[in-house]
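Notes for the one structure printed next.
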Amino acid sequence: MNKARKMTIFLILVIVLGVSLLLIRGALNSFHPASTMDLEISGPTGARVSPEDQITFLSWNIGFAGMSAEMDFIPDGGRHFRASSAEQVALNTRSILERIHTVNAPVLFLQELSRSSFLTRGIDVLDIFQKGLTRYQSAFTPTTNTGLLPIVGRLEIGKATWSTLEMTGGVRLALPTESDFPTVTIQHFNILETRLPVEGADWEWVLFNIHLAAFDDGPLRREQLTRVVALMAEEFAAGNRVVAGGDWNLLLADTEFPYSTDEKNRFWVRELPGEVVPAGWQWGVDPSTPTCRTLEQPYRPGVNYTCIIDGFLVSPNVEILSTETVNLEFANSDHHPVVMAVRSR
């Protein structure tokens, strides 16, 4: 092969690579959500809450129905990036839905719901949940929403709030976000805000479904928590009852669960900056049971590091009646569901 031909082939490869990188960058940056965005609430309208009613909440990061007990995950130091099989995703989805129906909480905060994607082996997890929770109103907003990517395809992953009680005011509120790579932002962090009108009252329940950053050095999570607390405080000052729940990616309780996970695989763990939360506000957590495990390897009790990063924060005018983490041995997700019952003070 002569030098001219080699040079031509080299230039063609450089052009193809350059165009591919531009297309990938464009796909990753195709989602440009506004800082505040109204959301559609779909489904049947339920009964309106009375001022004295007790309300039960369930919060669960379902790990796009792919992170069951036999899984590890590359970002956490494992070897895999997507669910082991479509059959496993379907099984996880069914099992999670069955558990939700067993708990029968009127309000659900779910995180890491995925549309059909490479991660879920082509299964539309969000659609299955929407069809399996037909008694509920729902609102959904993505955190990740890309254009078409080579091999991976499109990714749309986010959080949804469901309620069998009358739910209004679906709004997406942006949280501080930083680029994952230079000039590229994959995750657009946000709060999913909804409201429960209260019969005959001049106040309402304001609900924040949240999922904070996981892999920053800590300052971003602190900034996000500060923003969540500030928005909650505004609603509390207006006389509303405020509940925020989800995956905080911050240690919500001191624990001594046994583990032998190396420190390098706990790189994402960060303490809760407790001074950010005003006195009188309460955390709804169950200190007896972990809510999350590390994913450097499949789950082995007493080996994987486990901790409590999922739960609820409530305003001072809300009384927490009970909080329980349902111990499922991480069978169908790398997180456990947390169930909390409250009432207005």
Side-chain angles (χ1 to χ4, degrees), residues 57-64 67-69 71-73 75-78 96 108-113 143 157-159 175-176 187 189-192 208-229 232 243-259 261 263 265-277 281-296 299 301 303-314 320 323-340:
F57 295 82
L58 178 148
S59 178
W60 199 349
N61 180 334
I62 68 161
F64 56 85
M67 294 292 101
S68 41
M71 282 296 297
D72 55 42
F73 196 44
D76 290 68
I96 292 168
L108 313 174
F109 293 159
L110 302 186
Q111 302 88 40
E112 290 194 5
L113 291 143
T143 299
I157 306 169
K159 61 177 72 69
L175 285 175
Q187 293 182 292
F189 296 100
N190 61 82
I191 299 167
L192 197 173
F208 288 164
N209 184 343
I210 65 97
H211 187 185
L212 303 189
F215 298 121
D216 74 302
D217 290 333
L220 178 60
R221 272 174 273 190
R222 182 188 181 91
E223 190 178 357
Q224 290 175 344
L225 176 64
T226 300
R227 178 62 174 155
V228 172
V229 170
M232 294 181 72
V243 175
D247 178 356
W248 301 83
N249 273 313
L250 293 164
L251 298 179
L252 304 183
D254 293 328
T255 61
E256 296 183 357
F257 305 128
Y259 71 90
T261 299
E263 184 177 354
N265 295 122
R266 293 182 281 119
F267 66 95
W268 55 268
V269 179
R270 294 292 181 274
E271 297 286 340
L272 173 75
E275 69 279 4
V276 172
V277 180
W281 294 66
Q282 304 168 79
W283 288 99
V285 297
D286 174 1
S288 69
T289 306
T291 69
C292 179
R293 72 171 179 95
T294 54
L295 284 158
E296 80 283 358
Y299 177 58
V303 176
N304 295 70
Y305 174 76
T306 59
C307 58
I308 296 173
I309 62 174
D310 305 85
F312 300 88
L313 178 63
V314 304
I320 297 176
T323 308
E324 178 187 6
T325 298
V326 184
N327 191 349
L328 304 174
E329 296 294 336
F330 302 106
N332 307 112
S333 171
D334 57 317
H335 291 253
H336 282 145
V338 183
V339 182
M340 179 185 71

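Predicted, not measured: the structure shown is a model, and the values here were computed from it.
Leu252 and Gly311 get closest at one heavy-atom pair: CD1-N, 3.9 Å. Closest approach of Thr325 and Pro290 over heavy atoms only: CG2-O, 3.5 Å. Across every non-hydrogen atom of Asn265 and Gly77, the tightest pair is ND2-CA, 4.0 Å.
Here the side chain of Gln224 pairs a donor or acceptor atom with the backbone of Ala213 at under 3.5 angstrom. For the pair Thr294 (side chain) and Tyr305 (backbone), a donor-acceptor distance under 3.5 Å is present.
Residues Phe330 and His336 place their aromatic rings such that the two centres sit under 6.0 Å apart.
Scored by the side chain to side chain contact (heavy atoms under 4.5 Å, CB included) test, Pro287 finds no partners at all (sequence neighbours excluded). For Thr261, the side chain to side chain donor-acceptor pair (under 3.5 Å) test picks out Glu296, with sequence neighbours left out. With sequence neighbours left out, Tyr299 forms a side chain to side chain donor-acceptor pair (under 3.5 Å) with Glu329. With sequence neighbours left out, the side chain to side chain contact (heavy atoms under 4.5 Å, CB included) criterion links Asp310 to Asn61, Asp247, Thr291, Cys292, His335, Val338. Taking Glu223 as the reference, nothing meets the side chain to side chain donor-acceptor pair (under 3.5 Å) condition, with sequence neighbours excluded. Taking Pro75 as the reference, Phe73, Phe81, Phe215 meet the side chain to side chain contact (heavy atoms under 4.5 Å, CB included) condition, with sequence neighbours excluded. Residues passing the side chain to side chain contact (heavy atoms under 4.5 Å, CB included) test with Glu263, sequence neighbours excluded: Arg266. Take Trp248 and apply the ring-ring contact (aromatic ring centres under 6.0 Å, His included) test, not counting sequence neighbours, and it matches Trp283. Partners of Thr255 by side chain to side chain donor-acceptor pair (under 3.5 Å), not counting sequence neighbours: none found. Evaluation of the salt bridge (Lys or Arg N to Asp or Glu O under 4.0 Å) rule for Arg221 yields Asp216 as partners, not counting sequence neighbours.
The only option from Asn209, Leu58, Leu192, Ile96 that meets the side chain to side chain contact (heavy atoms under 4.5 Å, CB included) definition with Leu110 turns out to be Leu58.
Residues Ser59 and Gln111 form a side-chain contact, since some pair of their non-hydrogen atoms from C-beta on lies under 4.5 Å apart.
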Extract all donor-acceptor atom pairs below 3.5 Å that involve side chains of residues 267-276 and protein atoms in other chains or at least two apart in sequence.
{"residue": "Arg270", "atom": "NE", "partner": "Asp217", "partner atom": "O", "Å": "2.8"}
{"residue": "Arg270", "atom": "NH1", "partner": "Phe267", "partner atom": "O", "Å": "2.8"}
{"residue": "Arg270", "atom": "NH2", "partner": "Asp217", "partner atom": "O", "Å": "3.4"}
{"residue": "Glu275", "atom": "OE2", "partner": "Arg222", "partner atom": "NH1", "Å": "2.7"}
{"residue": "Glu275", "atom": "OE2", "partner": "Arg222", "partner atom": "NH2", "Å": "2.9"}

